[in-house]
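Please read all numbers here as calculations on a predicted model, not as lab measurements.
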Amino acid sequence: MKSGAYADYKVFACNSNPALAEEIASYMGKPLGKSEVTKFSDGEISVSVWETVRGIDTFIIQSTCDPVNNNLMELLIMIDACKRASAGRINAVIPYYGYARQDRKVKARDPITAKLVADLISAAGADRVVTMDLHAAQIQGYFNIPVDHLMGLPILVKYFKKKALEDIVIVSPDHGSVTRARNMAFPFEAPIAIIDKRRPKANVSEIMNVIGEIEDRTCILVDDVIDTAGTITNAANALANMGAKEVYACATHGILSGNAIKNIQESAIKEMVLLNTVPIAKEKLIDKITLLSVAPLFAEAMGNIFSNDSVSKIFNQK
């Protein structure tokens, strides 16, 4: 690692995904910094940093997943603690950026909460954000600080290439994921298909039509977030009913709330491949779910940030 503007760096973690934080720190050859995030009896969050960060390049790892508001507050308070301890540069490492789905006004008087959260992180004192697969790439522009937007797609592509599947078609479960499907299709030199759906209300989707040739093909559905898994499983079942040979699914963030596990288990999906940006309870790791790690990618990106080296070259090498 080349010497950068700072003589050293330290990696800290809040409570959202300690296993991933430990793995990232291990790849970087560093122990996690000594800190503690606890609660007072009334629910207020308390942060204690037990070692000096003065003039140090500081990385704080925290996904803002369920419980979203607690995890967001933990991140903000940890950033504030490091700022007040004179940390040299504060890097908020957010593998999963919560509230990203509220990135625009869908109807009158809607908030744009993704922008609000960006403002909170900046106001708390973060100098940089490192995140992965934002629900909408333009959320990077909601920040007035640098954002390193990592991509989980190369990890998923590498995994599926090893499976050596035949007659592949990459399927977007809705119009919003078409670019993601096209990017995944490119290394396979595969065609894409698009599920035409409507969403009568939040977390509910109805399949209207499938655009593209999927009969007797191996379909790989690709999305950024699997929440209740309603969209992805409805899409998989529609593909199977329309003659698809096999249906796989993959996504970066496995929220898996509500009836997600039941939906996946009872669906036509043969295998669901997820990344570990969000912790998944052991009881949810059914046989159909494969979990891949993002730790090596985050560790390499964070090392390059410390040394003021290029982050984009990581993907150019893949």
Side-chain angles (χ1 to χ4, degrees), residues 16 62-73 75-76 79 92-124 126 128-153 170-184 192-209 211 221-235 249-258 260 274-275 277-278:
S16 71
Q62 176 81 332
S63 284
T64 50
C65 51
D66 186 37
V68 180
N69 298 329
N70 272 1
N71 287 330
L72 176 58
M73 283 304 300
L75 174 63
L76 297 176
I79 291 170
V93 181
I94 311 172
Y96 170 70
Y97 183 82
Y99 286 109
R101 285 173 286 182
Q102 298 183 49
D103 64 315
R104 66 196 188 283
K105 291 182 69 169
V106 177
K107 61 183 185 300
R109 295 172 296 282
D110 275 357
I112 304 180
T113 319
K115 167 62 173 167
L116 171 63
V117 171
D119 288 342
L120 290 171
I121 291 169
S122 298
R128 176 183 297 272
V129 167
V130 186
T131 190
M132 174 172 275
D133 284 348
L134 291 166
H135 184 65
Q138 63 266 26
I139 292 173
Q140 296 172 77
Y142 293 178
F143 290 89
N144 292 321
I145 56 176
V147 176
D148 287 303
H149 188 209
L150 307 184
M151 296 175 288
L153 208 60
I170 307 299
V171 184
S172 171
D174 53 32
H175 294 281
S177 292
V178 172
T179 299
R180 189 174 294 107
R182 189 178 294 117
N183 290 340
M184 187 168 184
I192 70 167
I194 304 166
I195 302 290
D196 179 27
K197 72 169 188 182
R198 70 184 182 97
R199 191 181 289 278
K201 59 182 179 179
N203 291 127
V204 176
S205 66
E206 295 177 1
I207 303 302
M208 306 294 288
N209 198 11
I211 304 166
L221 284 154
V222 58
D223 210 346
D224 61 329
V225 178
I226 304 297
D227 190 353
T228 62
T231 294
I232 205 89
T233 54
N234 285 346
C250 63
T252 304
H253 311 295
I255 306 301
L256 304 183
S257 66
L274 301 171
L275 306 184
T277 56
V278 173

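- Taking CD from Gln140 and CD1 from Ile145, the interatomic distance works out to 12.0 Å, rounded to the nearest 0.5 Å.
- A pairwise comparison of heavy atoms in Ala100 and Ala114 identifies CA-CB, 4.1 Å as the closest pair.
- Here Arg101 contributes atom CZ and Thr113 contributes atom OG1; the two are 11.5 Å apart, rounded to the nearest 0.5 Å.
- Counting only heavy atoms from C-beta outward, the side chains of Met132 and Leu275 approach each other to under 4.5 Å.
- In this structure, Leu153 and Val222 have side chains that are in contact, with non-hydrogen atoms separated by less than 4.5 Å.
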(request) Assess whether side-chain contact (heavy atoms from CB on, under 4.5 Å) is satisfied between Asn70 and Met73, documenting all intermediate values. (result) CA-CA 5 Å; Asn70 272 1; Met73 283 304 300; 5.8 Å; no

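- Considering only heavy atoms from C-beta on, Ser177 comes within 4.5 Å of Asp174 through its side chain.
- When every heavy atom of Ala235 is checked against every heavy atom of Leu221, the shortest pair comes out as CB-CD2, 3.9 Å.
- When every heavy atom of Pro173 is checked against every heavy atom of Ile195, the shortest pair comes out as O-CB, 3.3 Å.
- Going from atom SG of Cys250 over to atom CD1 of Ile226 covers 8.5 Å, rounded to the nearest 0.5 Å.
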(message) Run His149 and Thr131 through side-chain contact (heavy atoms from CB on, under 4.5 Å) and show every step you take.
(response) CA-CA 5 Å; His149 188 209; Thr131 190; 4.1 Å; yes

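- For the atom pair CD1 (Ile192) and CE (Met184), the distance works out to 12.5 Å, reported to the nearest 0.5 Å.
- For the side-chain contact (heavy atoms from CB on, under 4.5 Å) criterion with Leu134, the lone passing option out of Leu150, Ile139, Asp224 is Ile139.
- Val147 has its side chain out of reach of Tyr142: every pair of non-hydrogen atoms, C-beta onward, lies at least 4.5 Å apart.
- In this structure, His253 contributes its side chain and Tyr97 its backbone to no donor-acceptor pair below 3.5 Å.
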(message) Working note: Asp133 + Arg180, criterion salt bridge (Lys or Arg N to Asp or Glu O under 4.0 Å); need CA distance, chi angles, decisive distance, verdict.
(response) CA-CA 10 Å; Asp133 284 348; Arg180 189 174 294 107; 5.5 Å; no

(message) Met151 vs Asn183, test: side-chain contact (heavy atoms from CB on, under 4.5 Å). Steps then yes/no.
(response) CA-CA 11 Å; Met151 296 175 288; Asn183 290 340; over 6 Å; no

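- Between the CD atom of Gln102 and the NZ atom of Lys105 there is a distance of 13.0 Å, given to the nearest 0.5 Å.
- Side-chain contact annotation: Asp66 with Tyr96, donor-acceptor N/O pair under 3.5 Å absent.
- One side chain, His175 or Asp196, offers a donor N or O that lies under 3.5 Å from an acceptor on the other.
- Contact detail for Gly254 and Leu274: the closest heavy-atom pair is CA-CD1, 4.0 Å.
- The two residues Ser122 and Asn144 make their nearest non-hydrogen contact at OG-N, 4.4 Å.
- With a 4.5 Å cut-off on side-chain heavy atoms, Arg182 and Thr179 count as touching.
- The shortest non-hydrogen separation linking Leu75 to Ala92 is CD1-CB, 4.4 Å.
- When only modelled atom types and interatomic distance are considered, Ser16 and Asn71 share no side-chain donor-acceptor pair under 3.5 Å.
- Shown are Thr277, Thr64, Val130, Thr252; of these, the side-chain contact (heavy atoms from CB on, under 4.5 Å) with Pro95 is made only by Thr277.
- To the nearest 0.5 angstrom, Ser172 atom OG is 9.5 Å from Ile211 atom CD1.
- Within the 4.5 Å cutoff, side-chain heavy atoms of Ile121 are placed close to those of Val129.
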